[in-house]
There are 2 protein chains.
Amino acid sequence: MFSKACEYGIRALLYVAVKSHGGERVIISDIAKEIDSPVSFTAKILQQLVKAAVVTSVKGPHGGFEITDEKMKTTTLAHIVEIIDGPAIFRSCGLGLGVCDEGTPCPLHFKYHNVRSELKKMLETSTLEKLIQGVERGSTHLKL
Amino acid sequence: MFSKACEYGIRALLYVAVKSHGGERVIISDIAKEIDSPVSFTAKILQQLVKAAVVTSVKGPHGGFEITDEKMKTTTLAHIVEIIDGPAIFRSCGLGLGVCDEGTPCPLHFKYHNVRSELKKMLETSTLEKLIQGVERGSTHLKL
DNA sequence: TCCGAAATATGACAAAAGTCATCTTTTGCT
DNA sequence: AGCAAAAGATGACTTTTGTCATATTTCGGA
């Protein structure tokens with residue numbers, strides 16, 4: 001469904017959000033440990049998200065990654081997925097056809113539409129703020 | 001969503017089904033041309049489906065691929081996807097966690113569940129027989 | 001001012017997915 | 001029996017994705 005990069009990216013962001021919510025910055029080695037991901041790869045993904053202004057980074061001693069409460073509220077999974085995996089997942093044909101729309105549909109088009117809108121709904125209604133609530137309560141987890 | 005192999009596989013099968021419905025066998029070069037896919041790759045995928053007994057092949061002159069009406073009725077996209085891409089899509093965690101179920105869910109688990117069940121519904125209710133109806137009528141297409 | 005902690009940048013490497021080409025086997029037809 | 005048409009099998013190659021390692025930049029603090 002999503003690429004590994006995207007999975008790690010979402011989990012990393014959620015972890016950063018949890019910590020930022022508690023007033024702490026986190027360093028990359030810590031993130032990778034807590035979400036069980038390869039350090040360098042995770043760093044690369046975070047860089048993308050910094051460029052896209054979803055999360056902020058601070059260099060030097062006591063630096064690390066952090067995210068504002070405002071960003072947690074406004075950033076949805078739809079944003080993150082689009083940044084990392086691109087917009088194809090929201091638009092592309094289920095059978096891989098270049099041309100596939102209401103007018104010239106593939107055999108799966110109309111049924112696939114339902115799946116996609118369910119997916120869109122999930123991604124657009126999931127903000128970081130909402131998703132970390134379970135993690136903070138301990139009812140959801142980010143590794144294993 | 002699906003791998004290229006799976007997309008080609010489904011389109012190839014649909015084309016074979018259309019032809020078989022009209023009483024004709026099709027050869028691989030014809031299939032590849034009509035669904036706009038690479039010949040050898042398509043052949044490899046069809047081989048998998050032959051082994052899985054979804055479609056039958058006949059060697060030698062006037063040979064080719066064919067599928068029985070019975071198989072068209074009973075074969076769903078769920079079968080095909082499972083054969084080619086494996087069962088992971090029906091079961092794996094949206095955030096890539098090894099452990100993720102009702103008891104120990106990831107932050108996305110319950111929302112993801114809806115997406116997956118919509119996907120399952122689509123795949124399980126789509127038989128080859130139903131899908132080729134549009135193609136035969138000319139209202140849906142398999143290439144471009 | 002210098003040291004060390006941190007992100008950033010870059011490139012090499014590995015694994016998986018997708019593609020291409022060639023050879024082998026089977027079989028109908030003459 | 002031999003030819004040709006077809007699938008089947010195999011391996012090499014390419015591209016994409018994921019991973020690792022190493023240098024570079026930035027900056028706080030002693």
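Note on naming: letters A, B, ... go to the chains in the order of the sequence lines (proteins, then strands), and numbering restarts at 1 for each one. The model shown is predicted, which means the values in this text are computed figures rather than measured ones.
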Assign V50(B) to base, sugar-phosphate, or nothing according to its heavy-atom contacts below 4.0 angstrom with the strands shown. sugar-phosphate
In whole Å, what is the span from the CZ atom of F41(A) to the C1' atom of dA15(C)? 12 Å
5' precedence on DNA chain D between C6(A) and H62(B) (nearest-nucleotide basis): H62(B)
Would you kindly check whether a donor in the side chain of K44(A) faces an acceptor in the base of dT19(D), or vice versa, at under 3.5 angstrom? yes
Whole-Å distance separating the NZ atom of K4(A) from the P atom of dA15(C): 16 Å
Would you say the side-chain atoms of E129(A) and H21(A) include a donor-acceptor pair closer than 3.5 Å? no
Could you tell me whether V58(B) contacts a base, only the sugar-phosphate backbone, or nothing, with contacts defined as non-hydrogen atoms closer than 4.0 Å? sugar-phosphate
Report yes or no: do S117(A) and N114(A) form a side-chain donor-acceptor pair below 3.5 Å? no
Does OP1 or OP2 of dG18(C) have a side-chain N or O of Y8(B) closer than 4.0 Å? no
Classify L46(A) by what it touches in the nucleic acid, base, sugar-phosphate, or nothing, heavy-atom distance under 4.0 Å. nothing
Which part of the nucleic acid, if any, lies within reach of S40(A) when heavy atoms closer than 4.0 Å are counted: base, sugar-phosphate only, or nothing? base
Whole-Å distance separating the CD1 atom of I31(B) from the C1' atom of dA5(D): 15 Å
Just how far, in rounded Å, is P of dT19(C) from CG of D36(B)? 11 Å
Short side-chain donor-acceptor distance under 3.5 Å, K111(A) and T125(B): yes
Run through I35(B), I132(B), V26(B) and flag the one making a side chain to side chain contact (heavy atoms under 4.5 Å, CB included) with V16(B). V26(B)
Need one value for S29(A): base, sugar-phosphate or nothing, where a base atom within 4.0 Å counts as base even if backbone is also close, heavy atoms only. nothing
Given atom CD of E66(A) and atom P of dA7(C), what is their separation to the nearest angstrom? 11 Å
Between S3(A) and P61(A), whichever has its closest DNA chain D nucleotide further toward 5' is S3(A)
Should Q47(A) be listed as having a side-chain N or O under 4.0 Å from OP1 or OP2 of dA7(C)? no
Can you tell me the distance, in whole Å, between the NZ atom of K59(B) and the P atom of dA4(D)? 19 Å
Tell me the interatomic distance from D85(A), atom CG, to dT16(D), atom P, rounded to whole angstroms. 15 Å
Hey, are the side chains of R11(A) and Y8(A) touching, using non-hydrogen atoms and a 4.5 Å cut-off? yes
Has S57(B) got a side-chain N or O lying under 4.0 Å from the OP1 or OP2 atom of dA6(D)? no
Give one of base, sugar-phosphate or nothing for V26(B), where a contact means two heavy atoms less than 4.0 Å apart. sugar-phosphate
Please give, in whole Å, the distance from dA5(D) P to D30(B) CG? 15 Å
